[in-house]
Amino acid sequence: MPELPEVETTVRGLAPFLEGQRLTAVTTFRPDLRRPFPVDLAQRLTGATVTTLSRRAKYGIVSTDRDDHMIFHLGMSGRWRTEGGEAGKHDHLLLETGAGQRLFLHDPRRFGSVDLVSGDPLTRFPAFMALGPEPLADAFDAACLASALAGRRAPIKAMLLDQAIVAGLGNIYVCEALNMAKISPLKPAADISRAKLAALVPAIKQVLAAAIAAGGSTLRDFLSPEGDLGYFAKDWRVYGREGGTCECGGTIARVVQSGRSTFHCPKCQR
DNA sequence: CGAAAACCCTGAGTGC
DNA sequence: TGCACTCAGGGTTTTC
């Protein structure tokens with residue numbers, strides 16, 4: 001389940017393989033993922049040199065010296081892998097570099113996507129225009145969050161999953177941050193006190209930063225023994241721990257909100 | 001308009 | 001062993 005930290009880890013992991021490298025071949029093994037690959041993807045990328053790897057929300061960006069930017073989303077099950085020279089089941093895209101590196105985009109559920117934009121992707125990629133602030137940026141603070149949540153009656157859990165409110169959180173880190181900040185996921189967003197919001201913002205930043213740090217340390221050189229880039233295991237505070245014990249001593253509960261599991265502690269999250 | 005539900009997809013897990 | 005079924009969920013679209 002790649003959320004912001006997994007994508008950040010993936011981008012950092014891909015960087016040494018791609019930055020400064022010429023793309024000698026770009027191959028697709030099917031016409032689409034969630035949506036069609038750009039028809040001219042291979043033609044525009046082949047022969048280009050990768051300049052930088054970056055991230056916006058849950059999207060990774062591979063920029064080239066032709067001012068073309070390949071934007072990938074890992075969806076639910078996407079990852080990049082380096083092991084094995086040949087394409088296997090669920091490998092959908094292959095990047096080959098001048099150094100002889102082969103990088104496969106592997107995505108069994110195909111919820112991911114690959115797009116290509118010319119010019120600054122932050123202003124040229126439609127999906128980026130609707131995104132809220134990066135949660136780790138200084139601009140994301142209590143005032144910013146309070147303003148975005150003003151008047152919103154939906155549960156705070158749903159609001160934090162809305163990428164227009166804050167960009168990059170998924171189900172896991174929303175559950176974790178709300179537990180850390182002792183806020184009920186069921187509470188209408190606009191009803192949360194300013195003091196609680198002031199606690200929520202650093203909780204979000206801390207949960208994400210810790211996960212990125214764990215990714216970096218768990219995946220030595222960001223490459224797992226299986227050759228996967230960007231995945232790591234972690235012990236969660238509440239996620240996936242229904243019936244377990246919260247830090248406060250309470251019992252962790254699971255409820256379903258908008259068809260999605262929410263894990264929380266009814267005792268300390270109010 | 002906001003909010004909830006449907007949809008896409010396949011592997012893992014469960015019960016019989 | 002195998003089959004039917006449920007669940008996981010990010011983002012987009014549809015419905016209420």
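Values below: every heavy atom of this structure, side chains too, minus hydrogens, waters and symmetry copies. Per chain, numbering begins at 1; letters A, B, ... match sequence-line order.
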> Can you list every pair that meets side-chain hydrogen bond (donor to acceptor under 3.5 Å, both in side chains) and has a residue in residues 150-159 of chain A, with sequence neighbours left out?
Replying inline: A/Arg153-A/Asp191, A/Lys157-A/Asn171, A/Lys157-A/Thr262
> So which pairs with a foot in residues 193-210 of chain A pass side-chain hydrogen bond (donor to acceptor under 3.5 Å, both in side chains), sequence neighbours left out?
Replying inline: none
>> I'd like to know whether the aromatic ring centres of A/Phe263 and A/Trp236 sit less than 6.0 Å apart in this structure.
In response: no
> Along DNA chain B, 5' to 3', what are the outermost nucleotides having an atom less than 4.0 Å from a heavy atom of chain A?
Replying inline: B/dA3 to B/dG11
>> Let me test you: for the helix from B/dG2-C/dC16 to B/dC16-C/dG2, what is the angle between the axes at its two ends (five pairs each), rounded to 10 degrees?
In response: 50°
Round to the nearest Å and state the distance from [X] atom [atom1] to [N] atom [atom2].
{"X": "A/Leu33", "N": "C/dG10", "atom1": "CG", "atom2": "P", "value": "17 Å"}
{"X": "A/Gln257", "N": "C/dG10", "atom1": "CD", "atom2": "P", "value": "13 Å"}
{"X": "A/Phe263", "N": "C/dC7", "atom1": "CZ", "atom2": "C1'", "value": "11 Å"}
{"X": "A/Arg109", "N": "C/dA8", "atom1": "CZ", "atom2": "P", "value": "11 Å"}
{"X": "A/Asn171", "N": "C/dC7", "atom1": "CG", "atom2": "P", "value": "15 Å"}
{"X": "A/Ile172", "N": "C/dG9", "atom1": "CD1", "atom2": "C1'", "value": "10 Å"}
{"X": "A/Met76", "N": "C/dC7", "atom1": "CE", "atom2": "P", "value": "15 Å"}

> Could you write nucleotides 11-16 of chain C as a row of B, S and -, 5' to 3', where a protein heavy atom under 4.0 Å of any base atom gives B, of only sugar-phosphate atoms gives S, and otherwise -?
Replying inline: BS----
> So, is A/Arg254 near the phosphate of C/dC7, with a side-chain N or O under 4.0 Å from OP1 or OP2?
Replying inline: no
> NA contact type, A/Ser261, heavy-atom cut-off 4.0 Å: base, sugar-phosphate, or nothing?
Replying inline: sugar-phosphate
Go through the structure and list residues passing side chain to side chain donor-acceptor pair (under 3.5 Å) with [X], not counting sequence neighbours.
{"X": "A/Asn179", "answer": "A/Arg237, A/Gln269"}
{"X": "A/Asp68", "answer": "A/Arg44"}
{"X": "A/Arg35", "answer": "A/Ser113, A/Asp115"}

> Tell me, which pairs form a salt bridge (Lys or Arg N to Asp or Glu O under 4.0 Å) where one or both residues lie in residues 20-33 of chain A, sequence neighbours left out?
Replying inline: A/Arg30-A/Asp32
>> Tell me which pairs pass salt bridge (Lys or Arg N to Asp or Glu O under 4.0 Å) where either residue lies in residues 123-136 of chain A, with sequence neighbours left out.
In response: A/Arg55-A/Glu134, A/Arg56-A/Glu134
>> Check whether A/Gln163 reaches the backbone of A/Ala57 with its side chain - one donor and one acceptor, N or O, closer than 3.5 Å.
In response: no
> Who pairs with A/Arg254 by salt bridge (charged side-chain N to carboxylate O under 4.0 Å, His left out), at least two apart in sequence or on another chain?
Replying inline: A/Glu242
> Can you name the ring-ring contact (aromatic ring centres under 6.0 Å, His included) partners of A/Phe125, sequence neighbours left out?
Replying inline: A/Tyr59, A/Phe128
